[in-house]
Number of protein chains: 2
Amino acid sequence: MKNELVLQAFGQHLRRLREARGWSQQALADVADVSKPTIYRLETARYSVTLDVLASLAQGLEIPLSELMQFPVPPRSSAD
Amino acid sequence: MKNELVLQAFGQHLRRLREARGWSQQALADVADVSKPTIYRLETARYSVTLDVLASLAQGLEIPLSELMQFPVPPRSSAD
DNA sequence: CCCATTGTAATCATATATGATTACAATCAC
DNA sequence: GTGATTGTAATCATATATGATTACAATGGG
């Protein structure tokens, strides 16, 4: 799990998208067909996430995958 | 690894981006700082891919992450 | 003709992403 | 104030994503 900053940025982005819809983590987990712990872990940047899950999230959020990936990517740290 | 069609579409997209630059799999692996087997396996849709690696690929290809994710997502099969 | 490069492929080892389950404090409905 | 909901959290088990290594056929350069 290198590139931790990207994961944090994505987590925040995902949370904003979810909250903008007034959904609980459980509700998003349901419509996206992923587990509730996964939602929690992504929003809190505890792990990375696979393209599989990204596609499911986009589908659950009813937005294109490319839009789900439209979040500010922080500059790479000098340590990689 | 559900959502296999998405992985196939991404693999084709990645390959097109790479070949458009005239790069070998090894060359892309180098600039993106991922292994050559990983490039091969992604292009041939053998596995999914983590956001970590996606971010590295985008950086190696010198395009925004959102652009790397701009490929035609096939409709979900009825079997999920 | 060699020799290097390239894409494909398999194997092994390891890290990790995911789900299932459980728990718990805070909040909210009523 | 009791009971359900919510976010957080940990643990266990399992699948899998990734790297390292090796090999091999095809191709291309010289």
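Protein chains get the first letters and strands the later ones, always in sequence-line order, with residue 1 at the start of each.
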Close N/O contacts between protein and nucleotides 27-30 of chain C (under 3.5 Å):
none

Problem - Spacing between A:D52 atom CG and C:dT16 atom C1', to the nearest angstrom - result: 15 Å
Handout entry: All side chain to side chain donor-acceptor pair (under 3.5 Å) counterparts of A:S24, not counting sequence neighbours
Key = none
Handout entry: Bending between helix ends of the helix from C:dC1-D:dG30 to C:dC30-D:dG1 [5 pairs per end, 10° resolution]
Key = 50°
Handout entry: For B:T38, side chain to side chain donor-acceptor pair (under 3.5 Å) partners two or more places apart
Key = B:S35
Problem - Test side-chain contact (heavy atoms from CB on, under 4.5 Å) applied to A:L42 and A:V34, step by step - result: CA-CA 11 Å; A:L42 295 189; A:V34 299; over 6 Å; no
Problem - Distance-minimising heavy-atom pair for B:F10 and B:L57 - result: CZ-CD1, 4.3 Å
Exercise for the section: Find the distance A:D33:CG to C:dA20:P and express it as a whole number of Å. Expected result: 9 Å
Handout entry: All ring pair (Phe, Tyr, Trp, His ring centres under 6.0 Å) counterparts of A:Y40, not counting sequence neighbours
Key = none
Handout entry: side-chain hydrogen bond (donor to acceptor under 3.5 Å, both in side chains) contacts in which one or both residues fall within residues 5-15 of chain A, not counting sequence neighbours
Key = A:H13-A:R16, A:R15-A:E43
Handout entry: Spacing of A:Y47 atom OH relative to D:dT11 atom P, expressed in whole Å
Key = 11 Å
Please list each protein N or O that sits under 3.5 Å from an N or O in nucleotides 6-10 of chain D, with the distance.
| residue | atom | partner | partner atom | Å |
| --- | --- | --- | --- | --- |
| D:dG7 | OP1 | A:R18 | NH1 | 2.9 |
| D:dG7 | OP2 | A:Q25 | N | 2.8 |
| D:dG7 | N7 | A:K36 | NZ | 3.4 |
| D:dT8 | OP1 | A:R15 | NH1 | 3.4 |
| D:dT8 | OP2 | A:R15 | NH2 | 2.7 |
| D:dT8 | OP2 | A:Q25 | NE2 | 3.0 |
| D:dT8 | O4 | A:K36 | NZ | 3.2 |
| D:dA9 | OP2 | A:Y40 | OH | 2.7 |
| D:dA9 | OP2 | A:R46 | NH2 | 2.9 |
| D:dA9 | O5' | A:Y40 | OH | 3.3 |

Problem - Any B:T50 side-chain N or O less than 4.0 Å from OP1/OP2 of D:dT18 - result: yes
Problem - Nearest-Å distance for atom pair CD/P, residues B:E4 and D:dA17 - result: 10 Å
Exercise for the section: Take atom CG of B:D30 and atom P of D:dA20, then tell me their distance rounded to the nearest Å. Expected result: 11 Å
Report all side-chain donor-acceptor pairs from residues 61-74 of chain A shorter than 3.5 Å, counting only partners two or more places apart or in another chain.
none

Handout entry: Closest contact, heavy atoms only, A:S56 versus A:A32
Key = CB-O, 3.3 Å
Practice task
Could you walk me through whether B:V49 and B:L14 pass side-chain contact (heavy atoms from CB on, under 4.5 Å), step by step?
Solution key: CA-CA 12 Å; B:V49 53; B:L14 179 61; over 6 Å; no
Practice task
Please answer whether the main-chain N or O of A:W23 pairs with a side-chain N or O of A:R18 as donor and acceptor at a distance below 3.5 Å.
Solution key: yes
Exercise for the section: Supply the atom-to-atom distance B:L28 CG to B:E19 CD, rounded to the nearest 0.5 angstrom. Expected result: 11.0 Å
Exercise for the section: Residues of residues 65-72 of chain B with any non-hydrogen atom less than 4.0 angstrom from an atom of DNA chain D: list those, numerically ordered, please. Expected result: none
Completion exercise
Hits for side chain to side chain donor-acceptor pair (under 3.5 Å) against A:Q26, two or more places apart or cross-chain, chain-then-number order -> A:D30
Exercise for the section: Give the rounded distance in Å between these two atoms: CG of A:L7 and C1' of C:dA15. Expected result: 15 Å
Practice task
With rounding to the nearest 0.5 Å, note down the distance linking CG in A:D52 to OG1 in B:T50.
Solution key: 11.5 Å
